Protein chains: 2
Amino acid sequence: MAEAKGLSDTRQAIMRSAADLFAELGYRNTSIRAIAADAGCDPALVPHYFDSKEALYSAVIADTVRPAEVLREALRRGDAGAAEWLLRHAVADWEDPEQGRRILGVLRSVLDLPVARERMSRALLPREVADSGADEVRVWLVSSLFIGIMTSRHMGLLDETLFKEGGEGAVDALAPVVEALLGAGEPDV
Amino acid sequence: MAEAKGLSDTRQAIMRSAADLFAELGYRNTSIRAIAADAGCDPALVPHYFDSKEALYSAVIADTVRPAEVLREALRRGDAGAAEWLLRHAVADWEDPEQGRRILGVLRSVLDLPVARERMSRALLPREVADSGADEVRVWLVSSLFIGIMTSRHMGLLDETLFKEGGEGAVDALAPVVEALLGAGEPDV
DNA sequence: CGAGCAATTCAACACCCATTGAAATACGGC
DNA sequence: GCCGTATTTCAATGGGTGTTGAATTGCTCG
């Protein structure tokens, strides 16, 4: 075997290095050469396995977690416990090394690359949520809060102890906030 | 040719174009050549007036608004009205073209340039606030929310009607959130 | 006028970038 | 053994980057 491209060992190494570097430095600041160096192969292999740098990025974030589904579930519950449930889900995603890396990979490049922006936009607001109308504002605001938290944390602004031990600190601190947020956009309809 | 304007006015043009482009595209995606083209001058003038691209960036964001002072004032008030007061201040800053441009200029490049990260960090948390200890977490969380809001909005994720008419929509939607946030980090100490 | 000085232009440097195509290597099937 | 395919290397291309230093303009003042 070993004729299918997808099974190549270095191909996976490239993917992993790319995910790491894109998350750490962002799309623009990550060079194909740096990826190849990290993966321990020749730079020419990158456009060989993946067609281009942008295609590589797309492949890296192809199966990013879709926070919208979690948000939708939280909205469906609707009661007070939804906030804490949502927060635990989010924190768990952030803490999971694989998921966290993917999320950061998108977040870190979302301002540089149109495709990243579009993906995040679509991931955050699929049609089902958009169609619900009244929920839209709440979804965006919760997303905004999470984006801010992740960005701040990535910038080293947030105390890391907030996220230790299953993120109890973060959950406790943010639960009332998310609670207020989930009820915020609710009109009198 | 044109009349002599004391201190070069192309220098100001460079500064203005740089502020625009840095805010729009970020530090890394903005080239000196693009700045010069926008300002209508030769690229060599940029390193001539300002020593380097990074120095130009520093000059552009030299007098960025310091949200920490506003935050501190809000914390000093401490009552429920503080949240709304803080929000109105923040929204006003975002809407002001000059301030908004500066803020975006920092936010957009804070992940690319260490100096931007350091500046934002220092701007958000001066020593007075840091020394207060218990307030620190609250300051960071409020900052995170604002960072998220600004980022989301810059990504085009947020409904712009939220910010029309003095940002009444945003204030209304976020007031209870900020309220919860200002009380969140309060420990039993 | 012409010297002096700032403002500006021009051409070039050295470097990094993504991408390409041809050559070289490893390796399983016949 | 050889063949074909997949994998990898090598060298090069064309373009963009920040920055530099010398040359050129434009203007003010002696």
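The model shown is predicted, which means the values in this text are computed figures rather than measured ones. Letters A, B, ... are given to chains in the order of the sequence lines, protein chains preceding strands, and every chain is numbered from 1.
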Subject >> Contacts of type ring pair (Phe, Tyr, Trp, His ring centres under 6.0 Å), residue Phe146(B), not counting sequence neighbours >> reply: Trp94(B)
Subject >> Between dT25(D) (C1') and Leu45(B) (CG): distance, integer Å >> reply: 12 Å
**OP:** Report yes if a side-chain nitrogen or oxygen of Tyr49(B) is closer than 4.0 Å to either non-bridging phosphate oxygen (OP1 or OP2) of dT8(C); otherwise report no.
**Re:** yes
Original post:
In whole angstrom, what separates Gln12(B)'s CD from dA7(C)'s P?
Top reply: 12 Å
Subject >> Nearest-Å distance for atom pair CG/P, residues Asn29(B) and dT17(D) >> reply: 10 Å
**OP:** Name all residues meeting the ring pair (Phe, Tyr, Trp, His ring centres under 6.0 Å) criterion together with His89(B); count only those two or more places apart in sequence or in a different chain, and write none if there are none.
**Re:** Trp85(B)
**OP:** Return the set of residues passing side-chain hydrogen bond (donor to acceptor under 3.5 Å, both in side chains) with Glu95(B) (not counting sequence neighbours), or none when no residue passes.
**Re:** Arg153(B)
Original post:
For Thr151(B), what residues pass the side-chain contact (heavy atoms from CB on, under 4.5 Å) criterion, not counting sequence neighbours?
Top reply: Ile147(A), Leu107(B), Ile147(B), Met155(B)
Subject >> Shortest non-hydrogen contact from Val91(B) toward Gly166(B) >> reply: CG1-O, 3.8 Å
Show me the donor-acceptor pairs within less than 3.5 Å that the side chains of residues 20-29 of chain B make with the rest of the protein, sequence neighbours left out.
unit_1	atom_1	unit_2	atom_2	d
Asp20(B)	OD1	Arg101(B)	NH1	2.8
Tyr27(B)	OH	Glu54(B)	N	3.4
Arg28(B)	NE	Asn29(A)	OD1	2.7
Asn29(B)	OD1	Arg28(A)	NE	2.7
Asn29(B)	ND2	Asp112(A)	OD1	2.7
Asn29(B)	ND2	Leu25(B)	O	3.3

**OP:** Whole angstrom is fine here: how far is it from CG in Asp9(A) over to C1' in dC27(C)?
**Re:** 15 Å
Original post:
Just by protein heavy atoms under 4.0 Å, how would nucleotides 12-24 of chain C read 5' to 3' in B, S and -?
Top reply: B----BBSBB---
Subject >> side-chain N/O Thr10(B) vs dT8(C) OP1/OP2, d < 4.0 Å >> reply: yes
